[in-house]
Amino acid sequence: MSRIPVVLVAALALALAAPAASGAAVPKAGTCWPSGTRTVDAGIGGRIFYRPTSDADRVYLCSYRSGRRTQIGWDVLFDAEEVELTRFARRFVAIATVNSNPGGSFSSIFIRRVRDGRRLARLAAAPDAPPVGAGGAPIRTGVRDLVIRGDGRVAWIVEVRDEGTGASVYELRTAAPGAGSSLLAAGADIAPGSLALAGSTLYWSQAGLPRSAPLP
């Protein structure tokens with residue numbers, strides 16, 4: 001009977017020590033992100049933040065391991081890449097940005113390594129979108145949902161909108177590391193925020209029905 005409390009106390013001590021050990025790897029504010037910043041997203045190995053300024057707000061990735069700060073885009077549009085969505089998965093982070101001007105807009109997907117911010121890939125979110133719409137009106141694209149797997153494979157839903165007709169088509173695209181994207185599904189009836197990833201299976205909604213497919 002006297003040994004049972006000792007075991008419980010030892011287990012409790014280990015449980016309490018684990019968060020402290022993991023927390024020690026997170027750099028203090030000021031070493032990677034200055035005070036007064038706002039967190040956009042955070043994962044196991046890093047944090048995405050921006051600092052409000054009187055000018056365009058720059059968005060950064062802070063890597064916990066190295067303490068390195070990498071600019072990944074902007075929080076507002078001034079003919080610059082605005083960060084739309086971010087998703088962390090183990091060693092990687094996927095970042096969707098949009099570059100907009102009066103003549104239209106285009107979105108991109110970036111894959112970065114979290115530990116040092118290194119850019120591993122840049123993909124056009126809607127590579128098949130026409131340059132102009134009906135009557136020469138602008139085409140505007142925007143990433144509406146985004147997922148990334150721990151091995152760096154990524155999938156996203158992008159809206160392609162013709163400003164001439166007001167019609168939108170949604171594309172579900174996937175990409176493996178080091179490869180271009182592939183079209184998995186398309187249509188005006190894809191629910192733009194319905195994308196989910198469980199293991200190696202993608203889930204989304206189209207025409208009011210649940211759909212699924214493997215993420216190759």
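Transitive grouping of hydrophobic side chains (ILVMFWY, heavy atoms separated by less than 4.5 Å) brings Leu85 and Ile109 into a common cluster. Note on Tyr170: it clusters hydrophobically with Leu202, by side-chain heavy-atom contacts below 4.5 Å among ILVMFWY residues. Trp74 and Val40 fall into different hydrophobic clusters, defined by Ile, Leu, Val, Met, Phe, Trp and Tyr side-chain heavy atoms under 4.5 Å apart, directly or through other members. The hydrophobic cluster containing Leu184 also contains Ile190, counting ILVMFWY residues as joined when their side-chain heavy atoms lie under 4.5 angstrom apart, directly or transitively.
Annotation: salt bridge (charged side-chain N to carboxylate O under 4.0 Å, His left out) contacts of Asp162 (sequence neighbours excluded): none. For Tyr60, the ring pair (Phe, Tyr, Trp, His ring centres under 6.0 Å) test picks out Phe49, with sequence neighbours left out. Shown here are the salt bridge (charged side-chain N to carboxylate O under 4.0 Å, His left out) partners of Arg68, two or more places apart in sequence or in another chain: there are none. Not counting sequence neighbours, Arg112 has no partner by the salt bridge (charged side-chain N to carboxylate O under 4.0 Å, His left out) test.
At least one side-chain heavy atom of Glu84 sits less than 4.5 Å from a side-chain heavy atom of Arg144. Taking the side chain as every heavy atom from C-beta outward, Thr97 and Phe110 approach each other to under 4.5 Å. Residues Leu146 and Leu195 fail the side-chain proximity criterion, which asks for heavy atoms closer than 4.5 Å. Inter-residue side-chain proximity for Pro138 and Ser105 is flagged as unmet; no heavy-atom pair is nearer than 4.5 Å. Contact annotation: the side chain of Pro177 approaches that of Arg153 to within less than 4.5 Å [non-hydrogen atoms, C-beta and beyond]. At a threshold of 4.5 Å between non-hydrogen side-chain atoms, the residues Tyr50 and Arg58 do not count as touching.
Taken to the nearest 0.5 Å, the CG atom of Leu197 stands 7.0 Å off from the CZ atom of Arg149. Annotation: the span from Ile95 atom CD1 to Arg87 atom CZ amounts to 12.0 Å, rounded to 0.5 Å. Taking OG from Ser168 and CD from Glu159, the interatomic distance works out to 3.5 Å, rounded to the nearest 0.5 Å. Rounding to the nearest 0.5 angstrom, the gap separating the CG atom in Leu61 from the CZ atom in Arg118 is 14.5 Å. Considering CD1 of Ile111 and CZ of Arg91, their distance stands at 12.0 Å, rounded to 0.5 Å. With rounding to the nearest 0.5 Å, the separation of CZ in Arg140 from OG in Ser100 is 4.5 Å.
When all heavy atoms are compared, the tightest approach of Tyr203 to Ala198 is CE1-CB, 3.8 Å. Minimum interatomic distance between Leu123 and Ala175 (heavy atoms only, all atoms of both residues): CD1-CB, 3.6 Å. Annotation for Ala94 and Val154: closest pair CB-CG2, 4.1 Å, computed over non-hydrogen atoms. The two residues Arg173 and Ser181 come nearest to each other via the heavy atoms NE-OG, 3.0 Å.
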With side-chain contact (heavy atoms from CB on, under 4.5 Å) as the test, would you mind laying out the steps for Glu82 and Asp57 before giving the verdict? CA-CA 9 Å; Glu82 179 186 18; Asp57 301 334; over 6 Å; no

side-chain contact (heavy atoms from CB on, under 4.5 Å) between Trp156 and Thr174, intermediate numbers included: CA-CA 7 Å; Trp156 64 91; Thr174 67; over 6 Å; no

May I have the step-by-step check of side-chain contact (heavy atoms from CB on, under 4.5 Å) for Phe92 and Leu120, ending in yes or no? CA-CA 9 Å; Phe92 304 104; Leu120 304 178; 3.5 Å; yes

Determine, stepwise, if the pair Ile148 / Val93 fulfils side-chain contact (heavy atoms from CB on, under 4.5 Å). CA-CA 8 Å; Ile148 185 170; Val93 59; over 6 Å; no

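Counting only distance, with no hydrogens or angles, the side chain of Ser63 and the backbone of Arg65 share no donor-acceptor pair below 3.5 Å.
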Please tabulate, for side-chain N and O atoms in residues 205-216, each donor-acceptor pair with protein atoms closer than 3.5 Å (sequence neighbours left out).
from   : atom 1 : to     : atom 2 : distance (Å)
Gln206 : OE1    : Trp204 : NE1    : 3.4
Gln206 : NE2    : Ala186 : O      : 3.2
Gln206 : NE2    : Asp189 : OD1    : 3.1

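Screening Ile48, Val98, Val59 for a side-chain contact (heavy atoms from CB on, under 4.5 Å) involving Val83 leaves a single residue, Val59.
Within a 6.0 Å radius of CG in Leu183, more than 12 heavy atoms belonging to other residues, nucleotides or ligands are found.
Judged purely by distance below 3.5 Å, without hydrogens or angles, the side chains of Thr141 and Arg161 never pair a donor atom with an acceptor atom.
Grouped by direct or indirect side-chain proximity (heavy atoms under 4.5 Å, Ile/Leu/Val/Met/Phe/Trp/Tyr only), Ile139 sits with Val160.
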